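In what follows, every chain begins at residue 1, and chains take the letters A, B, ... in the order their sequences are listed. Quantities reported herein were computed from a predicted structural model and do not represent experimental measurements.
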Amino acid sequence: MPEPLVAARPLVRGLVGDKAGAWDLAGELPADLLTDLGARGLLCAQVGTEYGGLGASSLANGEFTAFVGGLCSSLRSVMTSQGMAAWTIQRLGDAGQRAEHLRHLVSGGLAAVAFSEPDAGSDLSAMAATITPDGDDVVVTGRKVWTTAAAYADRIVVFGRYGDGAAAVVVPVSRPGVRVTRVADPLGCRAAGHANVELTDVRVPAGQVLGGTGQSLPLLVTAALAYGRMSVAWGCVGILRSCVEAVGAHARERRQFGTALIEHQLVARHMAELYADERSATLACAHASRCWDEGSPDMVAATVLAKYTGSRHAARGAATAVQVLASAGARDGHAVARAYRDAKLMEIIEGSSEICQLMLSRHALAADYS
Amino acid sequence: MTEQTTAETGVPTPAEIESHLLEFLEARTKSAVSPDLDLFASGLVSSMFAMELVVLLEQRYGVAVVGGDLKLDNFRTVQRITELVLRLRDA
Ligand SMILES: Cc1cc2nc3c(=O)[nH]c(=O)nc-3n(C[C@H](O)[C@H](O)[C@H](O)COP(=O)(O)OP(=O)(O)OC[C@H]3O[C@@H](n4cnc5c(N)ncnc54)[C@H](O)[C@@H]3O)c2cc1C
């Protein structure tokens with residue numbers, strides 16, 4: 001793992017401290033925390049050193065993402081958005097756009113990525129937002145919903161229709177016609193700055209449109225989501241690890257019927273299942289990250305599998321953790337209560353469990369075990 | 001001297017690229033694939049699979065499929081994919 005990501009752990013642990021619960025209750029992360037971590041390149045650690053980034057591998061960044069996710073899923077969600085924005089710019093942008101936007105993202109700038117609309121959730125082909133050329137500008141119009149980190153971001157990568165095809169455009173939030181409204185009281189990742197983004201005739205220079213035109217929406221979305229899925233999957237590993245620690249500590253300490261909870265076999269089974277869930281999620285993520293780092297085509301399916309496994313295991317594991325902590329974990333703000341709410345949402349975003357199942361079922365048809 | 005083979009130059013010929021691709025596609029789809037078969041109309045290729053092809057081309061031929069080249073049309077047939085590789089390789 002590159003040195004900066006190792007050194008970053010005590011730093012992040014210090015900055016988060018015991019405040020994740022309070023941030024969750026308040027629904028807000030401190031702005032200076034985000035700009036500080038952003039300026040250190042830690043919110044999107046895979047950005048290359050040529051842009052001032054840390055140049056981390058997927059595996060190293062994944063382990064770091066799990067570390068942050070174990071402390072605070074809201075902060076990890078902001079990392080997922082920032083990293084997905086960076087990856088989208090890397091993948092779709094030209095050399096000049098990469099230089100400009102990636103540098104911005106590792107020097108304190110914050111970005112979000114907006115696909116979803118009121119009528120386009122799982123079915124992004126129903127996307128209605130438009131990006132229309134007009135002289136040297138493009139005009140962006142549409143309604144985006146549930147954009148993670150949009151409440152903190154200064155730039156939003158907006159996906160929309162462009163002629164017969166599709167495009168992604170980087171929209172500065174300060175432009176006239178951009179309205180960002182927080183989603184009130186999200187079930188989980190409450191401090192991640194989810195917001196609805198209304199774009200009314202927003203004019204930006206055509207040079208903000210990433211890459212060429214005439215691209216295909218499904219391929220653009222698939223390319224962009226790959227990073228988001230990997231990041232969510234590792235974040236779920238973090239959720240599971242925080243649950244393993246919380247359950248372990250509680251089950252050793254708490255005594256009922258004259259003995260520590262862990263001595264009751266039914267509780268021990270909870271501990272074992274939770275641990276097995278964490279380990280298998282970790283293995284799925286590590287495999288996908290290695291495929292990513294090797295540039296293997298298997299990374300596409302491995303990433304979906306990691307996201308599917310990670311989120312399902314996290315949702316199940318967090319429910320188990322609440323069960324074992326019982327009243328001790330039954331208040332909002334507590335680590336396992338947050339895990340329970342945060343993990344459930346991970347089964348919905350970046351391709352719900354059902355959408356992942358549809359993709360995996362098709363992939364399974366090609367399985368060859370010979 | 002001009003008739004160099006792959007073994008000498010290390011650079012796959014268009015015919016070799018096409019046959020590599022056919023091999024990969026047939027293994028992954030368990031169906032017969034011809035160079036001009038419309039992979040999307042035939043239902044053999046999803047956008048997830050197209051992304052696999054993107055990564056495959058990048059790994060095997062050292063090209064970068066980015067920006068405006070990320071369109072499904074470039075992946076519609078094995079012939080088109082081969083043309084894409086040749087164009088990116090010469091760029
Ligand atoms: C915490 C959170 C953060 C988010 N962050 C972002 C963000 O940063 N950017 C962004 O663009 N969006 C974001 N979203 C939106 C998210 O991507 C969508 O919620 C998600 O794609 C699902 O869409 P939907 O909520 O409209 O559900 P729907 O698409 O209406 O689905 C409802 C249910 O039907 C199932 N379903 C739908 N279609 C099928 C099918 N064909 N077969 C079987 N089952 C199906 C789904 O799996 C789900 O269970 C976020 C959402 C949440 C909750």
Side-chain angles (χ1 to χ4, degrees), chain A residues 87-98 124-125 162-168 209-226 229 291-305 351 355-356 358-368 370, chain B residues 12 17-33 37-78 80-85 87-89 91:
Chain A
W87 171 248
T88 303
I89 289 157
Q90 171 82 31
R91 186 94 233 177
L92 307 182
D94 61 28
Q97 291 170 328
R98 289 184 200 176
L124 287 175
S125 70
Y162 187 110
D164 291 341
V209 178
L210 296 174
T213 52
Q215 299 166 103
S216 317
L217 184 64
L219 211 47
L220 287 193
V221 168
T222 307
L225 282 180
R229 291 184 173 139
C291 290
W292 187 299
D293 289 331
E294 288 162 8
S296 157
D298 292 341
M299 72 164 252
V300 181
T303 298
V304 175
L305 184 63
I355 296 301
C356 288
L358 293 176
M359 291 188 283
L360 291 171
S361 67
R362 284 206 61 174
H363 189 76
L365 297 178
D368 182 356
S370 60
Chain B
I17 296 174
E18 196 170 284
S19 73
H20 282 157
L21 286 168
L22 288 172
E23 207 177 292
F24 178 78
L25 279 157
E26 291 193 338
R28 283 284 281 102
T29 62
K30 298 185 174 164
S31 314
V33 178
L37 175 74
D38 186 323
L39 298 168
F40 301 114
S42 63
L44 289 180
V45 168
S46 61
S47 49
M48 177 173 154
F49 191 9
M51 202 59 217
E52 272 183 59
L53 284 167
V54 168
V55 183
L56 176 84
L57 302 185
E58 296 187 331
Q59 184 191 44
R60 192 177 277 175
Y61 305 112
V63 296
V65 187
V66 296
D69 285 319
L70 276 177
K71 51 183 164 200
L72 287 177
D73 237 21
N74 279 338
F75 296 87
R76 192 163 293 286
T77 65
V78 166
R80 294 257 183 102
I81 306 173
T82 306
E83 284 162 18
L84 176 70
V85 173
R87 181 161 59 74
L88 293 175
R89 208 172 60 181

Checked G211(A), A301(A), A226(A), P218(A) vs chain B; the most non-hydrogen pairs under 4.5 Å come from P218(A)
Counting heavy-atom pairs under 4.5 angstrom with chain B, the leader among L220(A), L92(A), D94(A) is L92(A)
Heavy-atom closest pair (A223(A) atom, L70(B) atom, distance to 0.1 Å) is CB-CD1, 4.4 Å
So does V65(B) get a backbone contact from the side chain of R91(A), meaning a donor-acceptor N/O pair under 3.5 Å? yes
Okay, L210(A) and chain B: the region with an atom under 4.5 Å from a heavy atom over there is neither
Interface check, chain B: of M299(A), M359(A), H363(A), most non-hydrogen pairs under 4.5 Å belong to H363(A)
Item to complete: Using a cut-off of 6.0 Å, state whether more than 12 heavy atoms not belonging to E23(B) lie near its atom CD.
Response: no
Whatever's closer than 4.5 Å to a heavy atom in chain A on F49(B) counts as neither
Nearest heavy-atom approach of L219(A) to M51(B) is CD1-N, 4.0 Å
Whatever's closer than 4.5 Å to a heavy atom in chain B on R362(A) counts as side chain
Per side-chain contact (heavy atoms from CB on, under 4.5 Å), M48(B) is matched among T303(A), L225(A), V304(A) by V304(A)
Rounded to the nearest 0.5 Å, the CD atom of E52(B) sits from the OG atom of S296(A) at a distance of 8.5 Å
Cut-off 4.5 Å, heavy atoms of chain B, and the answer for A367(A) is backbone
Looking only at heavy atoms, the pair that brings D73(B) and S216(A) closest together is N-OG, 4.5 Å
Looking only at A366(A), P297(A), A166(A), the option with the highest number of non-hydrogen pairs under 4.5 Å against chain B is P297(A)
Counting heavy-atom pairs under 4.5 Å with chain A, the top scorer among L56(B), L72(B), L53(B) is L72(B)
